[in-house]
Each structure stands twice: as C-alpha cells, then as structure tokens.
Protein chains: 2
Amino acid sequence: MPRVAKETKDRYAILGMLSHHELSGYDLRERIMNTIGFFWPDLKYSRIYPTLKKLEAEYLVSSKKVSDPDDKRPDKRIYKITAGGTDALEEWVSEPLDVTSSINMFSIMQELLLKIYLGGQVESEVSLQNIEKFKQYQRTSKKILEGFVDNLEPIIDSDPDHKYILQTIKMGLEVSKASMKWANNALKELGE
Amino acid sequence: MPRVAKETKDRYAILGMLSHHELSGYDLRERIMNTIGFFWPDLKYSRIYPTLKKLEAEYLVSSKKVSDPDDKRPDKRIYKITAGGTDALEEWVSEPLDVTSSINMFSIMQELLLKIYLGGQVESEVSLQNIEKFKQYQRTSKKILEGFVDNLEPIIDSDPDHKYILQTIKMGLEVSKASMKWANNALKELGE
DNA sequence: AAAACCATGTAAGCTGTTACATGATTTC
DNA sequence: GAAATCATGTAACAGCTTACATGGTTTT
C-alpha cells in the first residue's frame, strides 16, 4: 500500500489565507489569529515555515524574498498562492463535509467554518451545499442527544454522576439548536 | 531544562472513564464513543493500549487479566483506577479552565465538557467555578465578535469575501449565546 | 462464504509543541 | 535597561493516524 500523504486542514488554512492576501510566514500567523483564530487552532511558527516550504515544493505556493526599504527590519519571504494552489483549495472546499459518526461535533464545525470562510473561492452553490449537509448532521445529532436525555432523565437520581452527564448532553443540544438556527439564516443570506 | 511530561487531555478522558467503571482497552473505546464521543475526538486502539500501559507504570491505574468463562472470546485485560489516579484526576478537573487568547472556542468547550462530565468526582463548587469561568470567557468572546461585525457590516459589499467571513462570525456569536444560556441554566441546576 | 465483531497490540510516519538560536528595533 | 515585536528557522520530543499482524466467533 502506498503511504498517502494525508492532506491536513492546516494546509488549507494556510492556502486559504494566501488566497486572500500574499503573506510572510510571520504575517500568516498574525492573520490566522485575527481572523479564523476564534475557531481554528493556533499555528506555531515551527509548523508554518516547514509547511510553507512543503507547499512550495508541491508548486501550490511560490515565494520571493523582500528586503525592508529602510533596511531596519529583517528580510521577509512573501508567499503567494499559485494557480495549482487555487485549484487544490477549490477542490477541498468543494469536497463534502466529513460527518462520519466517529467525528465529533466541534471538528465538524471547524471544517465547515473554514470552508464557509473560503466561500468566495467557489461557486456560491458549493457553500450552500456545505451548509445544507451541516444542517442535516445537526438535525440527526439533536435527535440522538434527545434520545440520551430521554434515557437519562428517569434515572437521574440513581447515580450522582447522572446530573453532570445530563449537563454535557444539554450543552450538545444547545449547540445543535444554535447551529441549525445559524444554518437557516446563512442559507437565506447567502442564497440571495 | 527538564522535559516536562505534558499531561494531555486523552489521559484524563481515559482516567475519567475508568473512574466510572473498570474497563478493558476495547470497552474503553466503545464507552468513549457512546458517552463523550459527540464532543471528544475518537481514540484509536493504537493510542489506548500504550496509554493504559503508561498510566499503569505511573500507578494511576492497575490491571488484571480476565478470561472468558466459556473460553470463546479472547482474554481481556481489565483496568481500574487507583487512589493515585483518582487524586490526579481530581486535580485536573479542579484546575481552572485554560482560556488563553490563543486557544479557540471549541477546544475550550471540549475541556469544559470533559470536566463537567467528571463533575461527580469533585466538590460541586469546582464544577460551578468551571462553568463560571467558561461563562466569563464566552461573554468576552461575544463582545469581540460583535466588534468584528460592527467593523465588517459597513464594508460588506466592498469585497465578495466579506459576506462569507461575516457568516463565520455569526456562527461564533450563536455558539457564544447558546453557551451562555446553557451556563446560566447549568449553574442553576447544579447549584441546588 | 463474506463481513463484522471481539480483543490486543506493533511499526512507520506524519502532526504538532516546546525549547533553543539569532539579532536588530521598538516600546515601556 | 527590560520587555516586546519583527523575522525565520532547527532539534527534540510528544501526540496521533494508518497500516499491519493475529485469530477466533458471530452475524448476514
């Protein structure tokens, strides 16, 4: 079996940022923190720089060295997305959301949010389909969680742990409901 | 500098499950998927078995081999939490939530939910404090996201990307609001 | 018969963090 | 004068996934 280079989300976070602006590794981190940072893991420099090199080796980005005109600040290496990089990014954004049952709700939300963030790169139909699939997932999720509640509530006092477990399920339900509310509104606002 | 063994969340997910029931590695995975699986990453066997061995080497869990009475199924190794393991778990659940700005909202929610799930292991005051800190974080988060919206809305038409970016912020806001609603209710229900 | 489940693990490789290294500039 | 920012990286280690290995049982 050939070891398949796993295409991780970080690659697409980086490609996605570069699809909006050309950036140095340093600026990339700033930008990620100030834009998608509220839902995306912090990317350390020790991952950013090697990943950029790898992306360049795959011709998905290109770079040029830029010196500060006043020669006060250190040189930068500015990365920009290539045509191939744009294609790879579009392909990823268009790939249906992975909602396999072994994947937790927060990972799914992260993937969805990054794809929505990059919605300008693809046909608007693609984003609407992503949201539709997400809504479907949340609907199923809500039903499962409601089943959990129905099973737990009659035996809530039989074990001191139960009331804590119930609270985690209730959080899941609130997040599901909020997600569906958001999805309906987003479908409307992006569908116009 | 001594390399500090980083205490990852998986350890506590495993210790936490074992604080409720004694389990084999195989059953551990089943249980994680069926309980905290909707918010917690799937744990592969290739991580579970070595982690259990490590926990045993640290005397946080102990194990015994159990054979199937009918000798039809393979032998199991059943793990149970030790007194030391219980202490370590309590300590972790009692540690204040990490809400550093470089940590995204979904990671924070995962940590909070696992600590709430294990609330039966500690004084109820601890869980209430965890929820209080979480609520505080979401309040701040909501304000920041509202600031983003205020900056973005006046220039929404100046770039086709803006309406997609706005949708991601709106999701953040819905999740923040749902979280705060949940927190208020949980404080009430667990505080009685 | 084939597929899925029960049960435990190892090996290889990629993912990601922490610490180290450097050095100028700018802010407190 | 100390601390933070700008800027790019490497080394060592820890986290985590995928594939491989084994072999019986149960379900389809």
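Below, chains carry the letters A, B, ... as their sequence lines are ordered, and counting in each starts from 1.
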Salt bridge or not for B:Arg77 and B:Glu56, using N-O below 4.0 Å? no
Side chain of A:Tyr26 - closest among C:dT17, D:dT8, C:dA7: D:dT8
Whole angstroms only, please: what is the CZ-P distance between B:Arg29 and C:dG9? 15 Å
Give one of base, sugar-phosphate or nothing for A:Lys54, where a contact means two heavy atoms less than 4.0 Å apart. sugar-phosphate
Salt bridge check, B:Glu174 against B:Lys177: does any charged N sit closer than 4.0 Å to a carboxylate O? yes
If I take atom CG in residue A:Asp27 and atom P in nucleotide D:dG9, what distance separates them, rounded to the nearest angstrom? 13 Å
Per nearest nucleotide of DNA chain D, the residue lying toward the 5' end, A:Lys76 or B:Leu43, is A:Lys76
Contact under 4.0 Å: B:Lys44 side-chain N or O vs D:dC16 OP1/OP2: no
Report the distance from atom CG of B:Asp10 to atom C1' of D:dT17, rounded to the nearest whole Å. 12 Å
Atom-pair distance (CD1 on B:Ile103; C1' on C:dG16), nearest Å: 14 Å
Residue B:Arg47, side-chain atoms from C-beta onward, closest of D:dG15, C:dT8, C:dT10: D:dG15
Test: B:Lys163 and A:Glu192 ion pair at under 4.0 Å: no
Could you check B:Ser46 against B:Glu30 and say which one's nearest nucleotide on DNA chain C is further toward the 5' end? B:Glu30
Could you work out which one of D:dT26, D:dT18, D:dG9 sits closest to the side chain of B:Lys72? D:dT26
Without swapping roles, check the side chain of A:Arg29 against the backbone of A:Leu43 for a donor-acceptor pair under 3.5 Å. yes
Starting at atom CD1 of A:Ile78, determine the distance to atom C1' of D:dA7, rounded to an integer number of angstrom. 11 Å
Check the phosphate of D:dG9 against A:Tyr49, side-chain N and O only, distance under 4.0 Å to OP1 or OP2. Yes or no? no
Return the value, rounded to whole Å, for the distance between atom OH of B:Tyr45 and atom P of D:dC20. 19 Å
Atom pair distance, as rounded to whole Å: NZ in B:Lys65 and P in C:dA7: 14 Å
Ignoring the backbone of B:Tyr79, work out which of D:dT10, C:dG9, C:dG23 is nearest its side chain. C:dG9
Please work out whether the ring planes of B:Phe134 and B:Trp182 are parallel, tilted or perpendicular, with thresholds of 30° and 60°. perpendicular
